[in-house]
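See below for the structure under consideration.
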Amino acid sequence: MKILILGVNGFIGHHLTKRVLAETDWVVFGMDIADDRLGDIVNNARFHFLEGDISINKEWIEYHVKKCDVILPLVAIATPKLYVEDPIGVYNLDFEMNIDIIKQCVKYHKRVVFPSSSEVYGMCTDQVFKEDESFLVVGPIQKERWIYSCCKQLLDRVIYAYGTRGHIQFTLFRPFNWIGPRLDSLFAAKEGSSRVVTQFIADLLMKHPIVLVDGGHQKRCFTFVDDGIDALMKILENKDDVCRNEIINIGNPRNQCSVRELADILKKIFMEHPKHRHDQEYSEIIESSSESYYGKGYQDIYSRKPNIEKARTLLNWEPQRGLDDALKMTLHSFLEENRIAL
Ligand code: UDP
């Protein structure tokens, strides 16, 4: 099987590529603007990498869409801080660039495995979010945070419409707060534009205060990336075509915790780390309003928990990593990645 991964150096892209190369005989064609997460897989004979930009290298993309069996368009800005700071940039990249790729897949009748997002459920009040039942709830236009959710939702709808009319085959997957090695860089965290787990770890490393937005009562289900990749591998394999035209949540409902609990656990793990157990001081945990942390365009999701019955049934998949383990592995690898930086 030949796979095209756009955004191959991204968090999901590089973990997936490593797994594909290690466990299958599939060939991966990948493009990204950077290669810093790829390491020595660039030398693998079954991996063909182009350093390029999806807004520029369109001929390369069309050629490879035509050539490959499955297309994964993973290029997107997926950090809430940037949704409110640069909504136009998010729209241009996340929607405009991706719709072009989808149209290429339609032209050549390809299979698309597309990253939707748990963000599409927005402020849905269901206890657990179900792919084919839950309402997708977003706030008013002034709350610019929702631009990402809307971009993903519209792409989901367009892909669904093409797929159910026979122009493409698709599987939409919805990651729920995947975490793990190389999630975000220390640089992103210094800018304050990292996702919460890496932001808190970087804050601990830099001895900056950990900021709980609006008291930190919001809940998320943190999912270890290896579990997510297990599911994604089964989606790619698509045994007996079970994933055809399906939407699948990929998250760990057992790993639910509030942002305040998250801060406490990460601080504890950091204080027990061999290199930091004798530090003179540790970050304090403080509170801030969402308006002063993110600005007026922000609005939050109070509880985001997946129903994963579909993934269990279709993929015979069950997430394995508990919350403590997942956080420990993420923290340890972040400290290892940045041991020279500070
Ligand atoms: N958050 C926080 N402090 C931070 C960064 C994030 O309290 O320094 C909160 C944020 O308001 C949200 C949650 O952590 O409720 C998760 O944020 P993240 O950026 O990881 O993405 P989300 O899960 O909202 O997509």
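One-based numbering, in listed order, for ligands and for the atoms of each.
Ligand 1 is approached by Pro80 to a heavy-atom distance shorter than 4.0 Å. Within the structure, ligand 1 lacks Lys81 among the residues with a heavy atom less than 4.0 angstrom away.
Within the 3.5 Å criterion, the main-chain N or O of Trp26 finds a donor-acceptor partner in the side chain of Thr24.
Polar contact check, Gln199 against ligand 1: no nitrogen or oxygen pair lies under 3.5 Å apart. Taking any N or O of Val196, backbone or side chain, at least one lies under 3.5 Å from an N or O belonging to ligand 1. The distance criterion of under 3.5 Å between nitrogen or oxygen atoms is not met by Phe200 with respect to ligand 1. Considering both main-chain and side-chain atoms, Asp300 comes within under 3.5 Å of ligand 1 through a nitrogen or oxygen pair. In terms of polar-atom proximity, defined here as any N/O pair under 3.5 Å, Asp203 makes no such contact with ligand 1.
Here Arg195 has heavy atoms under 4.0 Å from ligand 1 in both its backbone and its side chain. Counting heavy atoms closer than 4.0 Å to ligand 1, residue Tyr298 contributes side-chain atoms (C-beta onward) but none from N, CA, C or O. For Asn177, every heavy-atom contact with ligand 1 shorter than 4.0 Å involves the side chain, none the backbone. At a heavy-atom cutoff of 4.0 Å, ligand 1 is contacted by the side chain of Arg145 but not by its backbone. Contacts with ligand 1 closer than 4.0 Å are made by heavy atoms of both the backbone and the side chain of Val213.
Taking the side chain as every heavy atom from C-beta outward, Ile3 and Phe29 never approach each other to under 4.5 Å. Between Asn307 and Phe129, every side-chain heavy-atom pair lies at or beyond the 4.5 Å cut-off. Under the 4.5 Å side-chain criterion, counting only non-hydrogen atoms from C-beta, Phe173 is not in contact with Asn249. Counting heavy atoms from C-beta on, the side chains of Glu246 and Leu314 come closer than 4.5 Å.
Residue-ligand proximity, Glu119 to ligand 1, at heavy-atom distances under 4.0 Å covers atoms 25 (O). Residue Val259 approaches ligand 1 through these ligand atoms, each under 4.0 Å from one of its heavy atoms: 7 (O), 13 (C), 14 (O).
Between atom 6 (C) of ligand 1 and the options Tyr294, Tyr302, Tyr83, the minimum heavy-atom separation is to Tyr294.
Below 30°, between 30° and 60°, or above 60°: for Phe11 and His14 the angle between ring planes is between 30° and 60°, a tilted geometry. Ring geometry, His273 versus His276: the interplanar angle falls from 30° to 60°, so the pair is classed tilted.
Relative to the six-membered ring of Tyr121, Arg174 meets both conditions, a distance below 6.0 Å and an angle of at most 45° to the axis. Both the sub-6.0 Å distance and the 45° axial angle are not jointly satisfied by Lys143 relative to the ring of Tyr83.
Residues Asn252 and Arg321 bring no donor and acceptor atom of their side chains to less than 3.5 Å of each other.
Looking from atom 3 (N) of ligand 1 to the surrounding protein, the closest heavy atom is Val211 O, 2.7 Å. Atom 25 (O) of ligand 1 has its closest protein heavy atom at Arg304 NH1, 3.4 Å. Of all protein heavy atoms, the one lying nearest to atom 23 (O) of ligand 1 is Arg220 NE, 2.6 Å. When only non-hydrogen protein atoms are considered, atom 8 (O) of ligand 1 lies nearest to Tyr293 OH, 2.9 Å.
The pair Asp264-Lys267 does not meet the salt-bridge criterion, since no charged nitrogen lies less than 4.0 angstrom from a carboxylate oxygen.
Checking Asp184, Thr79, Asn177 one by one against Arg195, the side chain to side chain donor-acceptor pair (under 3.5 Å) holds for a single residue, Asp184.
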